[in-house]
Asker: 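Can you keep this structure in mind? I'll have questions shortly.
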Number of protein chains: 2
Amino acid sequence: METTTEEKIITAARKVFLEKGYAATRTRDIANEAGINLALLNYYFRSKEKLFQLIMTEKVQQLFSIILPIVNNDEMTLEQKLENLIENYINLFILNPDLPLFVISEIRFNAEGFKSRLHLQDILENSSIQRQIRDLRPDVNPIHFMTSILGMIVFPFISRPILLPDNTNFASLMEERKALIHNWTTAILKS
Amino acid sequence: METTTEEKIITAARKVFLEKGYAATRTRDIANEAGINLALLNYYFRSKEKLFQLIMTEKVQQLFSIILPIVNNDEMTLEQKLENLIENYINLFILNPDLPLFVISEIRFNAEGFKSRLHLQDILENSSIQRQIRDLRPDVNPIHFMTSILGMIVFPFISRPILLPDNTNFASLMEERKALIHNWTTAILKS
DNA sequence: GTCTATACTACGATAGAC
DNA sequence: GTCTATCGTAGTATAGAC
């Protein structure tokens, strides 16, 4: 075991917070999962809230580090951006199936805090990708294309516990989905 | 005030649970919101868990009472079913914007319980709508169409706190979205 | 049915020995 | 740094008067 105590706690916190969410998580569960004492957790991170912020920041960055470099990239065509979004997000979610629902659920409880920190709406507003969409389809509010594209990518992962059977090979289903979404997004941009 | 105490508690519970989720809700908050005493809440509903089940059942039914009568309706064409889904779900979510994220988030913490009760996968499997989709597009797993259609409908409501600015008139944006999704779903079924 | 008071437990956090 | 023990509080739930 090469990992430090601090790393063990963070790894455990990541697991428990993602599984249960902030409110349902017990710091004792994190301590047990990490194989250390409860007191030690507070020694390293001072409070449950602080430890959570660490995990949450990490997960928000993981989620938005895909879309942020793309939206304002002037070197890429719209076609390339869509391909890139689909490929990278589906790969990310296959490896981290809890990620999207975790971030969406927890941001909801602190919507104002993250809105003021992230400015995602401002970033999308007048972004390169939004201009590209508007050039192609000046008749439609671009937010409708953005939400439809992202919805097709994200929704299977969010609704998986309700809609999708366990027995299917979920990963390969999502792999084959890449090409489909690619066709569908270009189709709706022309419809 | 014509409402009974029981109704006042349920109304308050509905509000608080939907806002905060089960784990973060305090029964004291519900009691305060209802304008009654904490002891009275337990007198009527025995426990927080029981009260929550009541609200959760109500919300799950609210959510699935739209899709369930449609999927196996042999009188409707696929076209009519899609139109119906889009119209009814967007209307429902405009009036209840917290509903989809609440149900999805909370089911996640008790996925097995609801899966065994709801059987939604079984219902979709070999359903009338799935046969209609397969007739039209035997080359694609119908689950991809279902998740894309539902994703386009639901995702704006789920991602609203992150993606969409407050100042826009959200309801009218969703109203105009109905016709767009209608076009887009028929477009992807033909692409 | 409705209240006040309280029992009981679980949780987050800290004190203090090592 | 790491532990045991414990404090203080907040949470669910109940007892018992009215």
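Throughout, a chain's letter reflects where its sequence line sits, starting with A, and its residues are numbered from 1.
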Asker: May I ask you to evaluate whether A/Thr5 reaches the phosphate of D/dT2, defined as a side-chain N or O under 4.0 Å from OP1 or OP2?
Answerer: yes
Asker: Rounded to whole angstroms, how far apart are CG on B/Leu38 and P on C/dT2?
Answerer: 14 Å
Asker: Rounding to an integer number of Å, can you tell me how far A/Tyr43 OH sits from D/dC3 P?
Answerer: 12 Å
Asker: By nearest atom, which of the nucleotides C/dG12, D/dG1, D/dT4 is closest to the A/Tyr44 side chain?
Answerer: D/dG1
Asker: Rounding to an integer number of Å, can you tell me how far B/Ile9 CD1 sits from D/dA13 P?
Answerer: 13 Å
Asker: Rounded to the nearest angstrom, tell me the gap between atom CZ in A/Arg26 and atom P in C/dT9.
Answerer: 17 Å
Asker: Taking CZ from A/Phe52 and P from C/dC11, how many angstroms apart are they, rounded to a whole number?
Answerer: 18 Å
Asker: Can you say whether the rings of A/Phe157 and A/Phe170 are parallel (under 30°), tilted (30 to 60°) or perpendicular (over 60°)?
Answerer: perpendicular
Asker: Taking the six-membered ring of B/Phe17 as reference, does the NZ or CZ atom of B/Lys48 fall below 6.0 Å from its centre and within a 45° cone about the axis?
Answerer: no
Asker: For C/dG12, take OP1 and OP2 only and decide whether either is under 4.0 Å from a side-chain N or O of A/Asn42.
Answerer: no
Asker: Before accepting this row, confirm whether a basic side-chain N of the pair A/Lys59/A/Glu106 lies closer than 4.0 Å to the acidic partner's carboxylate O.
Answerer: no
Asker: Are side-chain N/O atoms of B/Arg177 and A/Ser148 paired as donor and acceptor at under 3.5 Å?
Answerer: yes
Asker: For B/Asn37 and D/dA13, what is the distance between atoms CG and P respectively, to the nearest whole Å?
Answerer: 14 Å
Asker: Please classify the nucleic acid contact of B/Thr4 as base, sugar-phosphate, or nothing, using heavy-atom distances under 4.0 Å.
Answerer: nothing
Asker: Round to a whole Å and report the spacing from CZ of A/Phe45 to P of D/dT2.
Answerer: 12 Å
Asker: Taking for each residue the nucleotide of DNA chain D bearing the nearest heavy atom, is the 5' side occupied by A/Arg28 or by A/Leu40?
Answerer: A/Leu40
Asker: Write down the distance between CD1 (B/Ile30) and C1' (D/dA13), rounded to a whole number of angstrom.
Answerer: 14 Å
